[in-house]
Amino acid sequence: MSFDAFDAWWWPYLFILAAGWLATDLWRFLGVMLGGRISEESDALVLIRSIATALVAAVIAKLIVFPGGALAATPLALRLAAAGIGFVAYLLARKRVIVGILVAEAVLLVGMLQFY
Amino acid sequence: MAVAKRRPACYGQRMSDPLSPKASGTRSGAWRWFGRGAGAAFSIPGLILASAFVGFAGLAKEAGLTVVQTVFMVGVVWALPAKVVLVGAILSHASLPAAAFAVSLSSVRLMPMVVAIVPEMRTPKTRKWVLYALSHFVAVTSWVLALDRFRHVPRDMRTAFYAGLGGTLVLANMAVVTIVYIAAGRLPPAASAALLLLTPMYFLTSLWGSARERASHVAMVLGLALGPVFHLLVPEIDLLAAGVVGGVAAYAWHVIAARRRRT
């Protein structure tokens, strides 16, 4: 029952609808139903945000440690250095996302020029 | 008599809402605010979001999705973290229930965001289906932009404004993804590698910045460490395992830290 389990053309779309659309819009619709009846500060929401954050962080780490395509051909140490230096630059630049991205990309490209 | 009675009431309504400009409440006024919402999509946050979608197009292509499947996913899911988790689940060959569960866990946070934005847009005349339709546009960027700009939008024009803003962001990024996906096949290896680093860097920084409490930072560090570990231990449910274990541990830290502060 994985994404590439069936050959039918419609299977990937059904997969995206069920695992993607339903799994996100259900929460949005529930939010409309609840109106203004839930506080952003409640403890249950801290748990929800923590799980969501850890989940997305796990994907980030996987994309850096076990990447695909052309990024997989670069050494792990270079990818970790690019991400780490980019993140420090982001913090130093008063949390400007664009600075973090540009510095990480620069470290990666300079590092790749040394290897190719 | 009836006319005389209605007039002052009508007058009073307008007086009580000093923000309402003259065009408010009319059809042409709604279109004007729709246009202003669309214009708000072309801003610095909108630009940063587009760069994240550039990265997403490369990621989806690498995962083996077709261009139509990728653009379809942008339209129906919209929230970028949910899509990145979905592509991650596809890459781990997760089953449909496991993938749906992981995406659900990453998207619960959309609910309180909708809960917060609905009272800002709702008037006694707002139809329910409009709110359900607009809720689909709720994701971090459109939500932050809307809550920031709503102060300058008359209350009864906010649904029109958000429709313009959300609709433009979705359509523009569907276009960005189409173009980048097609161009990605012709990139030299260095550019292609740089493209694949965009998504993790975007989330590494924006996720850290959007954290509301320290528990989210703890959760992020734990998730970063547990993701690769669980990928080696339990590859098919690695995201779920890392999310639940890291998230619950961060929450436990939050509860203990709060208790310690009190004593």
Side-chain angles (χ1 to χ4, degrees), chain A residues 1-3 12-13 15-21 23-25 27-32 34-36 38 40 45-71 73-74 82-83 86-87 90 95 97-98 100-101 104-105 108-109 112, chain B residues 48 62 69 73 76-77 79 81-82 84-86 88 90 93 95-96 99-100 103-112 114-115 118-119 131-132 135 138 189-190 192-194 196-197 200-201 203-206 209 215-216 219-220 222-224 226-228 231 239 242-243 246-247 250-251 254:
Chain A
M1 281 271 277
S2 65
F3 188 71
Y13 295 94
F15 193 96
I16 291 169
L17 279 178
W21 172 72
T24 48
D25 265 2
W27 295 115
R28 293 183 175 113
F29 294 164
L30 195 64
V32 177
L34 288 174
I38 190 166
E40 279 268 293
L45 285 183
V46 174
L47 176 61
I48 287 169
R49 278 198 291 268
S50 294
I51 292 178
T53 305
L55 197 74
V56 177
V59 183
I60 298 170
K62 271 184 67 188
L63 290 176
I64 294 170
V65 179
F66 307 104
L71 198 55
T74 60
F87 186 73
Y90 155 83
K95 300 193 178 178
V97 172
I98 199 79
I101 293 176
E105 295 286 5
L108 179 77
L109 288 174
M112 282 180 84
Chain B
I48 292 174
E62 206 43 64
Q69 288 163 5
M73 195 190 280
V76 301
V77 178
V84 171
V85 169
L86 182 55
I90 288 170
H93 301 286
S95 69
L96 177 55
V103 174
S104 295
L105 283 182
S106 78
S107 311
V108 187
R109 45 173 206 95
L110 292 172
M111 184 188 67
V114 174
V115 165
V118 161
L131 293 173
Y132 279 103
S135 77
V138 172
S192 176
L196 289 172
L197 188 67
M201 277 321 292
F203 278 112
L204 193 62
T205 50
S206 66
S216 287
M220 196 173 147
L222 289 174
L224 284 171
L226 292 175
H231 177 68
L239 301 181
Y251 177 72
H254 170 82

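Convention: sequence-line order gives letters A, B, ...; per-chain numbering from 1.
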Point to revise | Reported CE-to-OG distance for the pair B/M201 and B/S206, which is rounded to 0.5 angstrom | key: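 OG of B/S206 is found 10.0 Å from CE of B/M201.
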
**Study point:** Rounded distance (nearest 0.5 Å) linking atom CH2 of A/W27 with atom CD1 of A/I48
**Key:**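 The CD1 atom of A/I48 is 7.0 Å from CH2 of A/W27, to the nearest 0.5 Å.
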
Check your understanding: Checking side chain to side chain contact (heavy atoms under 4.5 Å, CB included) against B/S106, which of A/T53, A/T24, A/L55 comes through?
Key ->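 Result for side chain to side chain contact (heavy atoms under 4.5 Å, CB included) with B/S106: A/L55.
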
Heavy-atom proximity to chain A below 4.5 Å, by part of [X]:
X	answer
B/L197	both
B/H93	both
B/L96	both

Quick check on the interface: out of [options], who has the most heavy-atom pairs with chain A under 4.5 Å?
options	result
B/L204, B/I48, B/L86, B/L105	B/L204
B/P228, B/A99, B/G88	B/P228
B/G246, B/A242, B/P200	B/P200
B/G209, B/G223, B/G227	B/G223
B/L222, B/V85, B/L224	B/L224
B/A194, B/A215, B/P81, B/A79	B/A194

Exercise for review: Tell me, out of A/A57, A/A104, A/A61, who's got the most heavy-atom pairs with chain B below 4.5 Å.
Suggested key: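 Ranked by contacts with chain B, first place is A/A57.
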
Side chain from CB out, backbone as N, CA, C, O: work out which of these in [X] comes under 4.5 Å of a heavy atom of chain B, or both, or neither.
X	answer
A/V65	side chain
A/L108	side chain
A/F29	both
A/Y13	both

Point to revise | Listed partners of B/L196 passing side-chain contact (heavy atoms from CB on, under 4.5 Å), at least two apart | key: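 Once residues adjacent in sequence are excluded, the partners of B/L196 under the side-chain contact (heavy atoms from CB on, under 4.5 Å) criterion are A/L71, B/E62.
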
Exercise for review: Please identify each residue that fulfils side-chain contact (heavy atoms from CB on, under 4.5 Å) with A/V32, with sequence neighbours left out.
Suggested key: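 With sequence neighbours excluded, A/V32 shows a side-chain contact (heavy atoms from CB on, under 4.5 Å) to B/V114, B/V118, B/K128, B/L131, B/Y132, B/S135, given in chain and number order.
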
Check your understanding: So, do A/Y90 and A/V97 sit near enough that their side-chain heavy atoms are less than 4.5 Å apart?
Key ->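 Yes, their side chains come closer than 4.5 Å.
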
Check your understanding: Should B/I90 and B/M73 count as side-chain neighbours, where that means a heavy-atom distance under 4.5 Å?
Key ->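 Side chain of B/I90 against side chain of B/M73, heavy atoms only: contact under 4.5 Å found.
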
Exercise for review: Would you name the heavy atoms of A/A54 and B/G247 that are closest together and state the gap between them?
Suggested key: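 Nearest pair, atom of A/A54 first, then B/G247: CB-N, 3.6 Å.
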
Point to revise | Closest heavy-atom pair and its distance - B/F203, B/M220 | key: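 For B/F203 and B/M220, the tightest heavy-atom pair comes out as O-CE, 4.4 Å.
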
